[in-house]
Structure formats: structure tokens, C-alpha cells
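For reference, the structure discussed in these notes is given below.
The structure displayed is predicted, hence computed values, not measured ones.
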Amino acid sequence: QVQLVESGGGLVQPGGSLRLSCAASGSIFSISAMGWYRQAPGKQRELVAALTSGGRTNYADSVKGRFTISRDYAKNMAYLQMNSLKPEDTAVYYCSANLIRLGVPGWTDYWGQGTQVTVSS
């Protein structure tokens, strides 16, 4: 079993900041990439930021310069620091991890349950 649990969402005013955390736990052998996605009402889920085990990052154009993804590789944690938040950042944010489970061959994507981020005055 593998679990991804997000935390840190909430209500924030425009221009404010939030830090999301994602904890991956269970029978994990190795994690390659971890990332953050978001889905706003009526829209498709989109990539926000991703970070590979080699340190390569990928950001959506809409968040470049405002959001920063980081990882604690030893603890299987990922973080998303979100600054200068805008109303259009309002969405459910999901953590994902591409990993290999102990004793199970092959890389598989796992997802958290999501955390709501609302940017509003």
C-alpha cells in the first residue's frame, strides 16, 4: 500500500502565500518524480510543478516566478511554496508521485486526495 497525503491548503487573500506539503508513505522502494497538479471547477487537471529525483524542475507558465517546488528525498516529502497568489490559482491541488513499490516491478503513478486552495478577498 502507498499513500500520498497533502496538507496546507486553505483560504488566502490575493497576494498572499501558502505552502503545501505532501507526504508519501507505505511500501515504497524508490520515487522518481513528484509533482503538483491542480483542478479548478469546470476545468481539466493541469500540471503546476514537478521535480525529478535528478533535480530537474518543470513549471506551468502561469506559476513561474511565483511557485517553487522542493523535496525532502529522505522523508519522501514534496512541498509547493506558493507566493503572490491570484484568484485564478483557486483549485484543488493534488500531489503525485511516480514510484516503485517494494517487491512490485514497474513505475506507477500515485495520487493524493487533494487539498483546496482558495484565493479570495
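- Residues Ser121 and Pro14 approach most closely at N-CD, 3.7 Å, considering heavy atoms.
- Cys95 approaches Met34 most closely through the heavy-atom pair SG-CE, 4.0 Å.
- Leu102 is not connected to Tyr110 by any chain of hydrophobic side-chain contacts under 4.5 Å among Ile, Leu, Val, Met, Phe, Trp and Tyr, and they are in different clusters.
- Note that Arg101 lies outside the cation-pi zone of Phe29, set by a 6.0 Å cut-off to the ring centre and a 45° limit from the axis.
- The 12-atom threshold is exceeded at CD of Glu46, counting heavy atoms of other residues, nucleotides or ligands nearer than 6.0 Å.
- A donor-acceptor contact shorter than 3.5 Å links the side chain of Glu6 to the backbone of Gln113.
- Judged by the 6.0 Å distance and 45° axis criteria, Arg45 is positioned over the aromatic ring of Trp111.
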**Request:** Begin from the C-alpha positions of Thr115 and Val92 and carry the test side chain to side chain contact (heavy atoms under 4.5 Å, CB included) through to its verdict.
**Result:** CA-CA 5 Å; Thr115 185; Val92 178; 6.0 Å; no
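- No donor-acceptor distance shorter than 3.5 angstrom exists from the side chain of Arg71 to the backbone of Met77, with no hydrogens or angles considered.
- No donor-acceptor contact under 3.5 angstrom links the side chains of Ser96 and Asp109, judged on distance only.
- Each of Asn98, Ile100, Leu99, Thr52 was checked for a side chain to side chain contact (heavy atoms under 4.5 Å, CB included) with Ser32, and the lone residue meeting it is Asn98.
- Taking the charged nitrogens against the carboxylate oxygens, Asp89 and Lys86 have no contact shorter than 4.0 Å, which rules out a salt bridge.
- With contacts defined as side-chain heavy-atom distances shorter than 4.5 Å, the pair Tyr94/Leu4 does not qualify.
- Atom CD of Gln1 sits in a sparse spot, with 12 or fewer heavy atoms from other residues, nucleotides or ligands closer than 6.0 Å.
- Of all heavy-atom pairs between Leu47 and Ala50, the closest is CD1-CB, 4.1 Å.
- Residues Ser120 and Leu11 have side chains in contact (heavy-atom distance under 4.5 Å, counting atoms from C-beta outward).
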**Request:** Check the pair Arg38 / Ser62 against side chain to side chain donor-acceptor pair (under 3.5 Å), numbers first and verdict last.
**Result:** CA-CA 12 Å; Arg38 67 186 180 188; Ser62 59; 3.3 Å; yes
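- From Gln116, atom CD reaches atom OG1 of Thr90 across 7.0 Å, with rounding to the nearest 0.5 Å.
- The hydrophobic cluster containing Met82 also includes Val12, Leu18, Leu20, Trp36, Val48, Leu51, Tyr59, Val63, Phe67, Ile69, Tyr73, Leu80, Leu85, Tyr93, Val117, Val119, under a criterion of side-chain heavy atoms closer than 4.5 Å among ILVMFWY residues, counted directly or through chains of members.
- Asn83 pairs by the side-chain hydrogen bond (donor to acceptor under 3.5 Å, both in side chains) definition with Ser17, Gln81, not counting sequence neighbours.
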